[in-house]
2 protein chains.
Amino acid sequence: MNSAEPTAAPDRRRLPPQERRRQIVEGAVAFFADVGLEGNTRDLAGRLGVTQSLLFNYFASKSDLLEAVYEHVYLNRLSDDWPTLLTDERQTIRERVLTFYDAYSQLIFQYEWMRIFMFSGLAGAALNRRYLDHLGKVILAPLLKQMQAAATGPDVPQMEDLWNLHGGIVYIGIRQHIYQVPCPDDPSEAITRAVDRFLTAFALGDPNE
Amino acid sequence: MNSAEPTAAPDRRRLPPQERRRQIVEGAVAFFADVGLEGNTRDLAGRLGVTQSLLFNYFASKSDLLEAVYEHVYLNRLSDDWPTLLTDERQTIRERVLTFYDAYSQLIFQYEWMRIFMFSGLAGAALNRRYLDHLGKVILAPLLKQMQAAATGPDVPQMEDLWNLHGGIVYIGIRQHIYQVPCPDDPSEAITRAVDRFLTAFALGDPNE
DNA sequence: AACCTTATTGATCATACGATCAGCAAATGG
DNA sequence: CCATTTGCTGATCGTATGATCAATAAGGTT
């Protein structure tokens with residue numbers, strides 16, 4: 001008990017710039033996810049255990065730092081493999097949709113992503129609109145085409161139906177990370193049931209196959 | 001052209017306190033819905049065409065004003081009639097659910113509500129959790145009971161299924177007012193289709209009856 | 001061990017923001 | 001038309017925040 005903070009944060013200073021930058025960005029992601037994009041730089045620096053001025057050594061302005069945060073969070077959130085997965089006709093539509101949403105939910109049902117996506121959406125960021133546009137074009141539209149071709153029921157799915165399926169699933173993550181109300185630890189069962197209801201309604205696949 | 005703002009806003013000062021207060025609260029609702037709960041009082045005053053100091057004549061602090069905003073937005077958002085509507089066995093479950101969600105969506109798919117609910121949710125407001133808890137207990141739980149009693153299919157709906165139905169519907173409003181991406185002008189068709197898919201999956205009602 | 005590079009700091013500036021208050025002027029009553 | 005009340009304003013205070021910069025010291029090199 002000779003110093004205030006003995007070993008926990010051994011104030012290791014003078015990191016290699018690349019590593020320090022990474023540390024700042026990751027800390028900023030966690031920080032802004034907690035308090036919102038208007039969180040101040042002093043509090044962020046405090047969390048990181050560095051001085052506020054150091055941040056401006058790595059980023060010319062706060063908005064530059066936020067750009068890096070966006071990039072870090074948005075990068076590779078939509079895998080390039082999914083369009084091919086979703087149109088791989090060697091699997092049933094049900095298998096493909098379930099595989100996709102299990103993977104996708106694991107990827108987006110995360111505190112940082114959910115909250116920063118929502119914060120930036122509320123701020124009117126063009127990034128969100130581009131993301132959702134991309135999601136619609138690259139994931140939902142091809143999937144819709146597959147479903148429309150395969151549908152055997154009296155009714156055929158529309159794009160808006162797919163957004164409804166999608167929204168119902170995403171809403172689990174919203175409840176968990178935005179509203180922070182009780183919700184299932186493992187969403188996969190709820191997802192499976194939602195997908196099966198959807199496919200059954202369009203006679204697109206038997207849950208028991 | 002003798003004065004800067006001739007007639008448009010005839011700077012009618014000295015309103016009756018009650019009316020001024022109402023004007024401030026309604027302006028604050030619109031303002032904070034736009035810019036977020038951290039919007040500053042000077043900008044709000046500018047929108048209202050009054051001085052910043054006037055706000056503090058009606059509210060002791062900014063957080064007091066926000067309390068009034070919450071109250072104004074949350075008040076009577078969940079009608080007391082709905083529980084009875086949803087359990088009124090003179091109508092089919094389909095009629096009841098559709099009537100509810102048509103009314104409910106009209107009530108909540110509004111810019112101010114959607115955004116302030118989301119802003120306050122992100123801020124961790126207890127109000128949101130209470131609202132959702134209330135929604136679950138007063139709306140969804142009774143509805144679930146009705147459905148479970150009436151279900152004739154092999155599977156019976158669970159609470160999480162109802163949250164999924166609910167989330168899929170609410171997501172329309174999120175796309176519209178939070179992300180501000182293209183979505184149907186009139187959500188009632190999408191709602192009807194979502195409800196019918198749900199009921200069909202549990203053999204709870206024929207869409208054509 | 002002395003030296004040099006540069007990552008990091010502490011002090012500081014300009015502005016933004018919430019909040020206060022004495023004084024002004026608009027409405028009301030006489 | 002004057003007096004009184006009080007809704008409203010303008011100026012101001014203290015602090016918070018983004019941003020700057022000279023000074024410092026950590027870590028590698030010789």
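Below, chain A is the first sequence line, B the second, and so on; all start at residue 1. What you see is a predicted model, and the numbers here were worked out from it, not measured in a lab.
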S.K.: Tell me the interatomic distance from L54(B), atom CG, to dA11(D), atom P, rounded to whole angstroms.
M.R.: 16 Å
S.K.: For atom CD of Q106(A), is the number of surrounding heavy atoms from other residues, nucleotides or ligands below 6.0 Å larger than 12?
M.R.: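 No, not enclosed.
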S.K.: If you check every side-chain atom of T51(A), which of dG10(D), dG10(C), dG7(D) has the closest atom?
M.R.: dG10(C)
S.K.: Check for me whether the distance between the ring centres of F100(B) and H166(B) falls short of 6.0 Å.
M.R.: no
S.K.: Reading nucleotides 15-25 of chain D 5' to 3', which nucleotides get B (base under 4.0 Å from a protein heavy atom), which S (sugar-phosphate only), which -?
M.R.: --BBBBB---B
S.K.: Could you tell me whether W163(B) and Y179(A) have their ring centroids closer than 6.0 angstrom?
M.R.: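 No, too far apart.
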S.K.: Please confirm whether the backbone N or O of F117(B) pairs with a side-chain atom of N128(B), one donor and one acceptor, at under 3.5 Å?
M.R.: yes
S.K.: Are there more than 12 heavy atoms of other residues, nucleotides or ligands under 6.0 Å from atom CD of E189(A)?
M.R.: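 No, the 6.0 Å shell around CD holds no more than 12 heavy atoms from other groups.
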S.K.: Nearest 0.5 Å, please: how far is CG in N164(A) from OH in Y171(A)?
M.R.: 13.0 Å
S.K.: Just checking P16(A): base, sugar-phosphate only, or nothing, at a heavy-atom cut-off of under 4.0 Å?
M.R.: nothing
S.K.: At what distance, to the nearest 0.5 angstrom, does CD1 of I172(B) lie from CE of M114(B)?
M.R.: 9.5 Å
S.K.: Within residues 120-127 of chain B, find the residues that approach DNA chain C with a heavy atom at under 4.0 Å, and present them sorted by residue number.
M.R.: none
S.K.: May I have the distance from R21(B) (atom CZ) to dG7(D) (atom P), rounded to whole angstrom?
M.R.: 14 Å
S.K.: Nearest-Å distance, CZ (F32(B)) to C1' (dC17(C))?
M.R.: 12 Å
S.K.: Does OP1 or OP2 of dG7(D) have a side-chain N or O of Y58(B) closer than 4.0 Å?
M.R.: no
S.K.: Provide, to the nearest angstrom, the distance between the CZ atom belonging to R20(A) and the C1' atom belonging to dG27(D).
M.R.: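 Taking CZ of R20(A) and C1' of dG27(D), I get 14 Å after rounding.
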S.K.: How far does OH of Y70(B) sit from CG of L65(B), to the nearest 0.5 angstrom?
M.R.: 10.5 Å
